[in-house]
Amino acid sequence: VQLQASGGGLVQTGGSLRLSCKASGLNPKISTVAWYRQAPGKERELGASISGDGSTFYADFVKGRFTISRDIARNTVYLEMNRLKPEDTAVYFCYTSTWREFWGQGTLVTVSS
């Protein structure tokens, strides 16, 4: 299993970004894929996840602003981030767990005030 995250960048407060997590060796109809983030000096935290059956979970700090979705044909999971805040600045990682945990390489999101 390999996860390739992309789409990070620099955006102003209130702006939007879409992150992509391209998965290989993974069946998205079976496995849950999640987006975590880690801000400087803080622990990694779960932001959102999408299960094999398509059900989603959102942490309170992203509800109403972020949307997780997937394209089965492209084996890609997306995180649409809107109304970004400076506190959303972090490295964002995609993650899945099958027989073990797999992490993507991370993509940096910087929100300027």
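- Atom SG in Cys94 sits 12.0 Å away from atom NZ in Lys22 (nearest 0.5 Å).
- Side chain to side chain, Tyr78 and Arg18 fail the donor-acceptor criterion of an N or O pair below 3.5 Å.
- Note: Tyr92 and Phe66 have tilted aromatic rings, judged against thresholds of 30 and 60 degrees for the angle between ring planes.
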### Task
Check the pair Val91 / Thr107 against side chain to side chain contact (heavy atoms under 4.5 Å, CB included), numbers first and verdict last.
CA-CA 5 Å; Val91 178; Thr107 184; 6.0 Å; no
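- Here the straight-line distance linking atom CD of Glu80 with atom CZ of Arg65 works out to 12.5 Å at 0.5 Å rounding.
- Under the 4.5 Å side-chain heavy-atom criterion for Ile, Leu, Val, Met, Phe, Trp and Tyr, Val33 and Ile68 are members of the same hydrophobic cluster.
- Considering only heavy atoms from C-beta on, Tyr58 stays 4.5 Å or farther from Leu46 through its side chain.
- With a 6.0 Å cutoff to the six-membered ring centre and a 45° limit on the axis angle, Arg44 does not count as a cation-pi contact of Tyr36.
- Under a hydrophobic-cluster definition in which Ile, Leu, Val, Met, Phe, Trp and Tyr are linked whenever side-chain heavy atoms come within less than 4.5 Å, directly or via other members, Ile50 and Leu19 are assigned to the same cluster.
- A salt bridge does not link Lys85 to Asp88: none of the charged nitrogens lies less than 4.0 Å from a carboxylate oxygen.
- Distance alone, capped at 3.5 Å, places no donor-acceptor pair between the Ser20 side chain and the Gly7 backbone.
- Annotation: Gln2, atom CD; neighbour count of heavy atoms from other residues, nucleotides and ligands within 6.0 Å does not exceed 12.
- Closest approach of Ser112 to Leu10, counting heavy atoms only: CB-CD1, 4.3 Å.
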### Task
Begin from the C-alpha positions of Thr67 and Leu79 and carry the test side chain to side chain contact (heavy atoms under 4.5 Å, CB included) through to its verdict.
CA-CA 6 Å; Thr67 303; Leu79 186 68; over 6 Å; no
### Criterion side chain to side chain contact (heavy atoms under 4.5 Å, CB included) on Trp103 and Leu3, from CA distance to verdict
CA-CA 6 Å; Trp103 293 92; Leu3 302 174; 5.8 Å; no
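- Listed for the Arg83 side chain is no donor-acceptor partner under 3.5 Å among the backbone atoms of Gly14.
- When only modelled atom types and interatomic distance are considered, Asp71 and Thr76 share no side-chain donor-acceptor pair under 3.5 Å.
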### Task
Output, in order, the C-alpha distance, side-chain angles, deciding distance and verdict of side chain to side chain contact (heavy atoms under 4.5 Å, CB included) for Thr89 and Val109.
CA-CA 5 Å; Thr89 294; Val109 172; 5.9 Å; no
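- With hydrogens and angles disregarded, a donor-acceptor distance shorter than 3.5 Å links the side chain of Gln105 to the backbone of Ala5.
- Applying side-chain contact (heavy atoms from CB on, under 4.5 Å) to Thr32 and the options Ser97, Ser49, Ser55 leaves one that passes, Ser49.
- Tyr95 and Glu101 are linked by a side-chain donor-acceptor pair at a separation below 3.5 angstrom, with hydrogens and angles left out of the test.
- Closest approach of Leu84 and Leu17 over heavy atoms only: CD1-N, 3.9 Å.
- Ionic pairing of Lys29 and Asp53 is not present here: no N-O contact between side-chain nitrogen and carboxylate oxygen is shorter than 4.0 angstrom.
- Judged purely by atom type and a 3.5 angstrom limit, Arg74 has no side-chain atom pairing as donor or acceptor with the backbone of Arg70.
- Within the 4.5 Å cutoff, side-chain heavy atoms of Glu45 are placed close to those of Phe61.
- Between the Asn75 side chain and the Leu26 main chain, a donor and an acceptor come within less than 3.5 Å of each other.
- Using a 4.5 Å cut-off on side-chain heavy atoms (C-beta onward), Thr13 and Pro86 make contact.
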